[in-house]
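Note that ligands are numbered from 1 as they come in the structure, with each ligand's atoms numbered from 1 the same way. None of the values given here were measured: they were computed from a predicted structure. As a basis for the values below, the full set of heavy atoms in this structure was taken, side chains included, without hydrogen atoms, waters or symmetry mates.
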Amino acid sequence: MTTVRTSPSIGIIGGGLLGLSLALRLRAVGYEVVVYERAPRGGGLAAPWSIGEFTWDKFYHVILMSDLNVRRLLDELSLTDALRWNTTRTGFFTDGRLHSMSDSMEFLRFPPLRLIDKFRLGGTIFYASKLSDWQALEGVAVTDWLRRLSGERTFEKMWLPLLRAKLGENYGNANAAFIWATISRMYAARRSGLKREMFGYVDGGYETIVGALERRLAADGVELRCDAAVTRVDTTGGKQRITLADGTRRTFDSVVVTAPATHIPELCPELGDPEKARLKAITYHGIVCASVLLKRPLANYYVTNITDAGMPFTAVIEMTALVDRERFGGNALVYLPRYLTQSDAFWEHDDATVERLFLDALAGMYPDFRREHVVAFQVARARQVMALPTLHYSTTLMPAMETSRPGLFIVNSAQIPDGTLNVNETIGLGERALPILRQHLERRR
Ligand SMILES: Cc1cc2nc3c(=O)[nH]c(=O)nc-3n(C[C@H](O)[C@H](O)[C@H](O)COP(=O)(O)OP(=O)(O)OC[C@H]3O[C@@H](n4cnc5c(N)ncnc54)[C@H](O)[C@@H]3O)c2cc1C
């Protein structure tokens, strides 16, 4: 009698770019893979949505030249020809005025800083771009590090508003590796010479990427179950069992959770108390981000950093400074993000209030802006976007991929202590997890 040998099976919780790219890799080495996504479709933070009659990313995304993991994935999905590159400009809204800060000359002319401040700022960025020992920076508060290197005035005028823009009021608890990672990513994106930024996107935005990934997974035999919220993972007969919100259950040789760390204790009640306590202690910040379709562009900077206090959003992202406006029927697509701590009262605002506050502020920033220019205004919210890299984060809080439950793994963005949150890191994280998962699954063959 012949015995039929089945491939080891793995269930992935979360159909964001991490879950989907990991599924692709695991399937390629022969496992049975099912991805569970609670939203109606995959993509997570990079999912598309409709803005007026057009479809683009719910949250703004760009691809950098140095995003080699993303570019490799695009190649595998035959999307390299759909990749478009453009130079973009950067603006600063400081002391009530817009300034261009897109090249070295503009940096030297930038009025809000004195020459000495500029040298210290440039020196800090250059120094950070040359550092490689990020672990040594984890023990230093980002505020102390930047004050020491750039001086008090540059810290107050530039770094503090930028930290607030990225981390909300959590900035005081972040370590210096965070700003090192941010600088390293941006530095890698710049071309030599004029040092202008070169940003990329795929024709059609992440809709194209997620769609191609979903089709490839289906063709390869990966099951992607959308509208499938997982409510519990537990152990049964040496396997991991997933329970969905509708009560259906399925067992796997392994389960990987890509959901935010703070959700995991409730999802996986069998984890040990110290593990649960550590996961719960991770601080996430979230975002409220408006997508605004306008009849006219604002100033055509891809990013306008805002250093003035009291603005309801923390930057202006003009997607159509990168993407051809023809894609949006000649309109301009602008994102207005505001990063928030979990306890910020801003979460309570309804869409109409966010719209009023944001449009009032836009009118204050851009004298030519008129309410009649607004074609569509939509508000997206994501409560758990990024784990805050607190002091000594990688050794005190960062979750291990292997848990105390054999076959239950955590692979999520809280495991990126030395990078910023971006799709390139996310795909790289999945690739780092692959040998650990395989080691477990190969024993099941
Ligand atoms: C405002 C903003 C701007 C960004 N800009 C860029 C950029 O310019 N370039 C770039 O490369 N990256 C950018 N990123 C980062 C990028 O979006 C992320 O790195 C990436 O999408 C993270 O993917 P993920 O799969 O780890 O997480 P997520 O996308 O959060 O996916 C996790 C998924 O798990 C699902 N889930 C959670 N719990 C359950 C459950 N119980 N059952 C089933 N499903 C569940 C969620 O619905 C979600 O889809 C940006 C992010 C934001 C928010």
Side-chain angles (χ1 to χ4, degrees), residues 11-23 34-48 57-64 66-71 73-74 88 165-166 182 185-186 189 197 199-202 205-206 209-210 213 224-233 242-246 255-268 284-291 302-303 313-315 317 319 322 335-340 380-387 410-416 419-430 433:
I12 298 177
I13 303 174
L17 261 294
L18 177 52
L20 297 182
S21 60
L22 185 58
V34 182
V35 181
Y36 293 92
E37 169 53 53
R38 67 177 170 200
R41 63 167 303 183
L45 292 171
D57 310 353
K58 194 171 190 174
F59 300 103
Y60 49 94
H61 282 77
V62 288
I63 298 167
L64 306 189
S66 50
D67 285 348
L68 300 182
N69 297 328
V70 175
R71 293 174 68 184
L73 179 68
L74 294 179
T88 59
K166 268 286 174 204
T182 308
R185 178 164 166 80
M186 294 323 296
E197 286 163 8
F199 282 166
Y201 68 97
V202 164
Y206 262 86
I209 303 175
V210 174
L213 198 44
L224 169 61
R225 303 260 332 259
C226 290
D227 283 319
V230 176
T231 54
R232 188 182 167 99
V233 186
I242 274 178
T243 304
L244 298 184
D246 66 6
V255 163
V256 177
V257 188
T258 73
T262 45
H263 291 184
I264 298 176
E266 201 185 331
L267 201 57
C268 309
Y284 273 85
H285 55 279
I287 190 169
V288 171
C289 182
S291 302
Y302 176 72
V303 183
F313 41 80
T314 45
I317 314 293
M319 188 50 72
L322 175 66
Y335 292 88
L336 304 174
R338 178 180 178 120
Y339 281 94
L340 297 169
R381 294 175 181 80
R383 198 90 199 198
Q384 275 87 20
V385 170
M386 197 189 133
I410 296 171
V411 183
N412 68 14
S413 61
Q415 292 158 336
I416 307 175
T420 58
L421 182 70
N422 59 71
V423 174
N424 197 60
E425 289 282 352
T426 298
I427 297 172
L429 177 66

Do [X] and [Y] come within less than 4.5 Å of each other through their side chains, counting heavy atoms only?
{"X": "Leu64", "Y": "Asn424", "result": "no"}
{"X": "Leu17", "Y": "Val210", "result": "yes"}
{"X": "Leu20", "Y": "Leu224", "result": "yes"}
{"X": "Ser291", "Y": "Met319", "result": "no"}
{"X": "Leu244", "Y": "Arg225", "result": "yes"}
{"X": "Arg38", "Y": "Thr231", "result": "no"}
{"X": "Val385", "Y": "Phe59", "result": "no"}
{"X": "Val256", "Y": "Ile13", "result": "no"}

Counting non-hydrogen protein atoms only, what is the nearest one to [atom]? Give residue, atom name and distance.
{"atom": "atom 20 (C) of ligand 1", "result": "Thr426 OG1, 3.9 Å"}
{"atom": "atom 33 (C) of ligand 1", "result": "Glu37 OE1, 3.5 Å"}
{"atom": "atom 3 (C) of ligand 1", "result": "Tyr60 O, 3.2 Å"}
{"atom": "atom 21 (O) of ligand 1", "result": "Leu45 CB, 3.7 Å"}
{"atom": "atom 31 (O) of ligand 1", "result": "Gly16 CA, 3.5 Å"}
{"atom": "atom 42 (N) of ligand 1", "result": "Val230 N, 2.9 Å"}
{"atom": "atom 34 (O) of ligand 1", "result": "Gly14 CA, 3.2 Å"}

Could you pull out the closest heavy-atom pair between [X] and [Y], with the gap in Å?
{"X": "His285", "Y": "Lys166", "result": "NE2-O, 3.3 Å"}
{"X": "Ile264", "Y": "Ala259", "result": "CD1-O, 3.9 Å"}
{"X": "Ile416", "Y": "Thr420", "result": "CG2-O, 4.3 Å"}

Heteroatom proximity flag, [X] to ligand 1, N/O under 3.5 Å:
{"X": "Arg38", "result": "yes"}
{"X": "His61", "result": "yes"}
{"X": "Val423", "result": "yes"}
{"X": "Pro260", "result": "no"}
{"X": "Leu18", "result": "yes"}
{"X": "Ile13", "result": "no"}

Between Gln415 (side chain) and Asn412 (backbone), is there a donor-acceptor pair under 3.5 Å?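 Looks like yes, one N/O pair under 3.5 Å.
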Out of all atoms in ligand 1, which are within 4.0 Å of some heavy atom of [X]? Include the element for each.
{"X": "Val385", "result": "53 (C)"}
{"X": "Ile287", "result": "1 (C)"}
{"X": "Ala259", "result": "37 (C), 38 (N)"}
{"X": "Val62", "result": "7 (C), 8 (O), 9 (N), 10 (C), 11 (O)"}

Mode of [X] contact toward ligand 1 - side chain, backbone, both, neither (heavy atoms, under 4.0 Å):
{"X": "Tyr335", "result": "neither"}
{"X": "Ala47", "result": "neither"}
{"X": "Asn422", "result": "both"}
{"X": "Asn412", "result": "neither"}
{"X": "Phe59", "result": "side chain"}
{"X": "Ile63", "result": "neither"}
{"X": "Tyr339", "result": "side chain"}

Out of curiosity, Leu267 CG to Thr262 OG1, how far, rounded to the nearest 0.5 Å?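 OG1 of Thr262 is found 11.0 Å from CG of Leu267.
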Taking ring-ring contact (aromatic ring centres under 6.0 Å, His included) as the criterion, tell me which of Tyr335, Tyr201, Tyr60, Phe199 meets it with Tyr302.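 Exactly one option meets the ring-ring contact (aromatic ring centres under 6.0 Å, His included) with Tyr302, and it is Phe199.
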